Trainee: 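Sharing a structure with you now.
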Amino acid sequence: MTTESAPWWKSAVVYQVYPRSFADSDGDGIGDLRGIRSHLDHLRDLGIDALWISPFYRSPQDDNGYDISDYRDVDPMFGTLGDLDELIAAADERGIRIVLDLVVNHTSDEHAWFEASRARRGGKDDWYIWRDARDGHEPGTPGAEPNNWRSFFGGPAWEWDAGRGQYYLHLFSRKQPDLNWENPDVRAAVHDMMSWWLDRGIGGFRMDVINLISKVPGLPDGEVGEDGLGNGAPFAMGGPRLEEFLVEMHDRVFAGRDEVYLTVGEMPGATPEQGSRFTDLASGPLSMVFQFEHVDLDHVGGKWRHQPVRAIDLKRSFGRWQEALAEHGWNSLYFENHDQPRVVSRWGDDGEHWRASATAFATVLHLMRGTPYVYQGEEIGMTSYPFASRADLRDIESLNHFDAAVARGEDPNAVLAAIRHIGRDNARTPMQWDASPHAGFTEGEPWIPVNPNHTWLNVAAQADDPGSVLAYYRRLIALRHSDPVVVDGTFRMLLPEHPDVFAYAREGDGGRVVVIANLSGERYEVDVPEVDGSGLVLANVSVDGRTDRRLDLGPWEARVYRAGR
Ligand code: ISL
């Protein structure tokens, strides 16, 4: 008999490694595959089931590896294919599966496919999205681009190629040309490459911006913004053939093996309806999607325009997704990744209530219905970085934004403040292993500065401390593994109108789990009848074991109750 949670990834917790910043084994200041292998026991002790590793393929590193020049090899900076095989085997010994990052909306402009395409060689003429200059415009001059789309990293989304005499589309950097998914040969080449990796023993794929692969034919101009460029997103996200392409990929690569492989599609702008449809186990092409609704809440009209997020907005957003995928589909649950700032700095309190707020966020995330993701360092409550000047930044997105905004006359301090809040480098500072000068990350010079707080905020300081953030994560993950209600139970929001207390019940044949977390520095007294007659199983602040439906919650206090077992 198969139980409802049969696919392994439904009861799994996934850990994400950003290889550049995790652990450096050879002293060049950049993390590598051997570095990951040397820390597998940390991951085993944490209790994770799968490891998603951001790209380590051959790459010119224009976007830290999300610009791939060879899908079937490891960049020498990160090691060799042999190192990867050893990592897969060593992870397997610890019950951990390796999930690769599949970046196939675009390649590097140094990929052999693009080089052939720009030279019109090897039948690859239209493997990328080539267009002539706009009628009546001098090619290569401003305004001559085939349409007005802006790249996600700033500037026009088109680059003039003098050799070929045409423009190519790049939704990200000019070194990341978009593949033409309309061409069946492109799709077949991607499917082949995926199967090649599955045969090598990996456990699945995280699919980079996979909802951008189908563009609206004709590539119409988008709505023009302040920079004079147009928003192409509505014509590139969730395009007309997206579902067809995903179903085809599923049928060619995964058919009949949905329970064996984890597939998670990164989908900025995805709606709950799409999330449900694409991840329905019976008919959808993916195990789950990374949706962006909650991480897009704190900016309006562009990522650098900050607006404060209220706890109730987070509750409503998560609640909407829990509800929409209750019957059909499966959620992924995340706050952090290599593109997002640290949650404890972003929405929590990384000062006085650092420990409580890090664990309160962990509690609400990990016990919802879906598969939780832990981003490296999140399990010790790592914080965002106090970037003081442009020289501290490394990310192409932040650097391009800084330069363009300052050139437009914006105040550099204000621009830097926005980058400090939301910039991607916040997640990319080295993993903090210990209190030594480079946090145990490298013996050399780290490629990006180490957060000064590593002197007290590090794995070594927390590993044997039962009151640490790390110890709390271990307990949370163990709870998911030991309690089927956490995996399969239904989700019901409690106190839906409370501004700061995020509370919900998970219910099933095995009883009920009640989660209550105060996502604020205020004290609150709340009445939760569902707590009656249950026992306290987890708390981030010490409380007596009494179960009383009237709860007095201190700042960032989180509790988990269990009834019916
Ligand atoms: O950049 C965005 C909007 O400003 C995001 O919505 C973006 O589409 C999303 O973060 C995509 O991220 C992924 O693809 C990028 C890469 O730089 C990121 O690191 C990766 O996670 C291009 O490959």
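Positions are given from 1 along the sequence. Small disclaimer: the values here were computed from a predicted structure and weren't measured. For ligands, and for the atoms within them, numbers begin at 1 and follow the listed sequence. Excluded from the calculations below are hydrogen atoms, water molecules and symmetry mates; all remaining heavy atoms, backbone and side chain alike, are included.
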Trainee: Under the side-chain hydrogen bond (donor to acceptor under 3.5 Å, both in side chains) test against Tyr18, which residue among Asp101, Asn64, Asn337 passes?
Mentor: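 Among the candidates, only Asn64 passes.
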
Trainee: Are Asp161 and Trp130 linked by a side-chain donor-acceptor pair shorter than 3.5 Å?
Mentor: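 Not at all, the side chains of Asp161 and Trp130 share no donor-acceptor pair under 3.5 Å.
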
Trainee: Which residue and atom name correspond to the protein heavy atom nearest atom 21 (O) of ligand 1, and how close is it?
Mentor: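 Scanning the protein heavy atoms, the shortest distance from atom 21 (O) of ligand 1 goes to Asp339 OD2, 2.5 Å.
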
Trainee: Under 4.0 Å from any heavy atom of His338, which atoms of ligand 1 are there?
Mentor: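 Under 4.0 Å from His338, ligand 1 has these atoms: 18 (C), 19 (O), 20 (C), 21 (O).
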
Trainee: Can you list the ligand 1 atoms lying under 4.0 Å from a non-hydrogen atom of Phe153?
Mentor: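 Close to Phe153: 17 (O).
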
Trainee: So which heavy atom in the protein is nearest atom 11 (C) of ligand 1, and how far is it from that ligand atom?
Mentor: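 Closest protein heavy atom to atom 11 (C) of ligand 1: Val209 CG1, 3.3 Å.
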
Trainee: What atoms in ligand 1 come closer than 4.0 Å to a heavy atom of Pro268?
Mentor: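 Counting atoms of ligand 1 from 1, those under 4.0 Å from Pro268 are 6 (O), 8 (O).
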
Trainee: Compare Gln176, His106, Glu397 and give the one whose heavy atom is closest to atom 4 (O) of ligand 1.
Mentor: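 That would be Glu397.
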
Trainee: Does Arg206 have a non-hydrogen atom less than 4.0 Å from ligand 1?
Mentor: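 In this structure, Arg206 qualifies as a contact of ligand 1 - some heavy atom is under 4.0 Å.
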
Trainee: His299: heavy atom below 4.0 Å from ligand 1, yes or no?
Mentor: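 It does not; every heavy atom stays at 4.0 Å or beyond.
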
Trainee: Considering only the protein, which heavy-atom contact is closest to atom 2 (C) of ligand 1, and what is its distance?
Mentor: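 Nearest protein contact, heavy atoms only, for atom 2 (C) of ligand 1 is Phe152 CD2, 4.1 Å.
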
Trainee: Got more than 12 heavy atoms from elsewhere within 6.0 Å of CD, Glu244?
Mentor: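 For Glu244, atom CD is crowded (more than 12 foreign heavy atoms under 6.0 Å).
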
Trainee: Going by atom types alone, do Tyr128 and His111 pair a side-chain donor with an acceptor below 3.5 Å?
Mentor: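 Side chains of Tyr128 and His111: no pair found under 3.5 Å.
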
Trainee: Indicate the ring-plane relationship of Phe114 and Tyr168, choosing parallel, tilted or perpendicular according to the 30° and 60° boundaries.
Mentor: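 Answer is perpendicular, since the angle exceeds 60°.
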
Trainee: May I ask you to check whether Asp298 and Trp347 show a side-chain donor-acceptor distance below 3.5 Å?
Mentor: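 Yes, side-chain donor-acceptor contact under 3.5 Å.
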
Trainee: What atoms of ligand 1 come closer than 4.0 angstrom to any heavy atom of Arg424?
Mentor: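 So the answer, numbered in order with elements, is 16 (C), 17 (O), 18 (C), 19 (O).
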
Trainee: Under 3.5 Å, is there a donor-acceptor pair between the Thr371 and Trp330 side chains?
Mentor: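 Thr371 vs Trp330: donor-acceptor pair found between side chains.
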
Trainee: Is there any N or O on Lys303 that sits under 3.5 Å from an N or O of ligand 1?
Mentor: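 Checking ligand 1 against Lys303, no N or O pair falls under 3.5 Å apart.
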
Trainee: Is it the case that over 12 heavy atoms from other parts of the model lie below 6.0 angstrom from the CZ atom of Arg200?
Mentor: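 Correct, the count exceeds 12.
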
